[in-house]
Chemist: 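To start, I am sharing the structure in question, which I have written as structure tokens.
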Amino acid sequence: MRRMSVRALPLLVLPAARATPWTAFLAAAGVGLAIVAVPAVFRVELTVEDLVGLLRAAAVCGALGLAFLLDDPAARTIATVPTPRPLRYAARAGVILPAAAAWWALVLTITGHGALLPLGGVTVEAAALGAVALAVGAVRLRSGDNGGIVAAPAVLVLVVAASRIPPHLALYVPPGDERWAAAHHRWAALLAAAVLVSVWAAVEPVRARSSMMTEID
Amino acid sequence: MTVAAATSVVHASGLTLRYGRTAALTDVSFTLYDGVTGLLGPNGAGKTTLLRIVATALPPDQGTLSVLGNDPRTPAGRLAVRRRLGYLPQDPGFHPGFTAFEFVDYVAILKELTDRRARHQEVSRVLDAVGLSGQRGRRIRALSGGMRQRVALAAALAGDPDLLVLDEPTVGLDPEQRLRFREVIAELGEGRSVLLSTHQTEEVMALCQRVVVLDGGTVRFEGTPADLAAHARGRVWTSGARVAGALASWRAGDGRYRNVGDPPAGAELLEPTVEDGYLMLVDTPAREETGR
């Protein structure tokens, strides 16, 4: 009866789906969809640069929603179960990532103009922002229950910082710009770094930082 | 209980942990045996920190720890402990949309009970053990605080652990709920080890075969409740008026004052309780203690 393994992961997926706090994600994803859907519904003529701008805004919304998806009000109660935290996170990821991917596919579909848009590059940007949101959330969860309250502002800070970076290191570059490929190498590096941080954050046990403790007891 | 013949379940030696500049635990050593052991101490004594260390939720900075014969600092040892451990945190969290059954079932999956039928039987058993069989289908958000606490206890009990670590399990419960909880814990203490954190001396008297007093992050006492009470032998007396110099002086139900401290000559001494012994310990600087 005992011995959890990766084969038992499917057992966790359904409860993980129910335990996931979807509200923030659904709200943010809805805003992201609206951002690309409104011009499409009203048949507004947009340039490729405008469309990429809309996709980027939708990606930020998606990342803000993802920031809250690792939050777990039962974290303290299940802190010492034998199922390792990486496996618990994997079960969450098994629910979150397909949902996020489906949402992003819908965003791209609504935006249309697939042949004209650099969808691969914009998708790497969206994936990197989402990964950063999850990574910051996971790091925060090492010492608390709510990762989203830190991860969501962190995403906004990243976006603002990315738009202020000197041109030769720019992350947000217009489509067709000669720096496009280099910028997306940087986005890919950010994505890889965020994934590595997420994996590191899943390791246990961890020390609680004094700033996270309301009191010693 | 014959302590000398009892099995050591937890042995801690020199445990030290700091949060930044603040020492939470300093050189804490104690041994836990079968039965119910109370961890007593004032707020801020380090009880929760110590329980989290024993429950493998937090590693100490220094010291050695053996739990159920395993070293929780190693991944293999930690896993071995967790497979035989039930932990009820001080402020347990839940998924409020789950029913009591669903939540305990979820925890049971996380405790590696993968066979559905056997797991459901186990979940029913532990819900019955905490008196929640009738509430198994109710959503947690609709349960009272006491019922939620029992759901968390049921989750801790899932898998029939050999060691239960309970952090102030009766906090926030009304007297009847507290009594029912005590019944459950006393029953659990038969045939397994329970480490119970509390700041209520009456709970120690009612439940515990042994008691560890933690104060300021250090162990001030380890022994039986009777030994703790004996700490105040000859230091508890009754008087007709409040005694200003006593550690504590309060008017009892019979109208006379019960005093703890250094009695005046000829005072009418009383039999000390665990509470009196505890008061003598925590209100007396450690350097004055002898024979700990």
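Numbers restart at 1 for each chain; the letters A, B, ... are given by sequence-line order, proteins then strands. Just so it is clear, the values below take in all heavy atoms, side chains as well, and ignore hydrogens, waters and symmetry mates.
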Chemist: Checking heavy atoms, do the side chain of A:Ala19, its backbone, both or neither come under 4.5 Å from chain B?
Modeler: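 Both parts, heavy atoms under 4.5 Å.
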
Chemist: With chain A, which of B:Phe94, B:Tyr106, B:Phe103 has the greatest number of heavy-atom pairs at distances under 4.5 Å?
Modeler: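 Among B:Phe94, B:Tyr106, B:Phe103, the one with the most close pairs to chain A is B:Phe94.
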
Chemist: Run the salt-bridge test on B:Arg125 and B:Glu122 with the 4.0 Å N-O cut-off and return the result as yes or no.
Modeler: yes

Chemist: For the pair B:Asp27 and B:Thr16, evaluate side chain to side chain donor-acceptor pair (under 3.5 Å) and give the outcome as yes or no after the intermediate values.
Modeler: CA-CA 5 Å; B:Asp27 197 23; B:Thr16 297; 5.3 Å; no

Chemist: Using a cut-off of under 4.5 Å on heavy-atom pairs, state which of A:Thr80, A:Asp72, A:Ile78 scores highest against chain B.
Modeler: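 Max contact count across the listed options: A:Thr80.
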
Chemist: Keeping B:Lys47 on the side-chain end and B:Leu40 on the backbone end, is there a donor-acceptor pair under 3.5 Å?
Modeler: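 Judged by distance alone, no pair lies under 3.5 Å.
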
Chemist: Determine which pairs satisfy salt bridge (charged side-chain N to carboxylate O under 4.0 Å, His left out) with at least one residue from residues 94-104 of chain B, sequence neighbours left out, and list them in order.
Modeler: A:Arg18-B:Glu102

Chemist: Could you give all pairs that pass the side chain to side chain donor-acceptor pair (under 3.5 Å) test and reach residues 20-31 of chain A, with sequence neighbours left out?
Modeler: A:Thr20-A:Arg92

Chemist: Applying side chain to side chain donor-acceptor pair (under 3.5 Å) as the test, list every pair that has at least one member in residues 52-69 of chain A; sequence neighbours left out.
Modeler: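 Those involving residues 52-69 of chain A are A:Arg56-A:Glu125.
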
Chemist: By a 4.5 Å heavy-atom criterion (distance strictly below it), what part of B:Asp91 contacts chain A: side chain, backbone, both, or neither?
Modeler: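 B:Asp91 touches chain A through backbone and side-chain heavy atoms alike.
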
Chemist: Is B:Pro89 close to chain A through its backbone or its side chain, or both, or neither, when contacts mean heavy atoms under 4.5 Å?
Modeler: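 Side chain of B:Pro89 only, per the 4.5 Å heavy-atom cut-off to chain A.
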
Chemist: Less than 4.0 angstrom from a charged side-chain N to a carboxylate O is my criterion; do B:Arg192 and B:Asp160 meet it?
Modeler: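 Yes.
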
Chemist: Only heavy atoms, only distances under 4.5 angstrom. Which residues in residues 57-66 of chain A are near chain B?
Modeler: none

Chemist: Measure the shortest side-chain to side-chain distance between B:Ser144 and B:Gln177 over non-hydrogen atoms and say whether it is less than 4.5 angstrom.
Modeler: yes

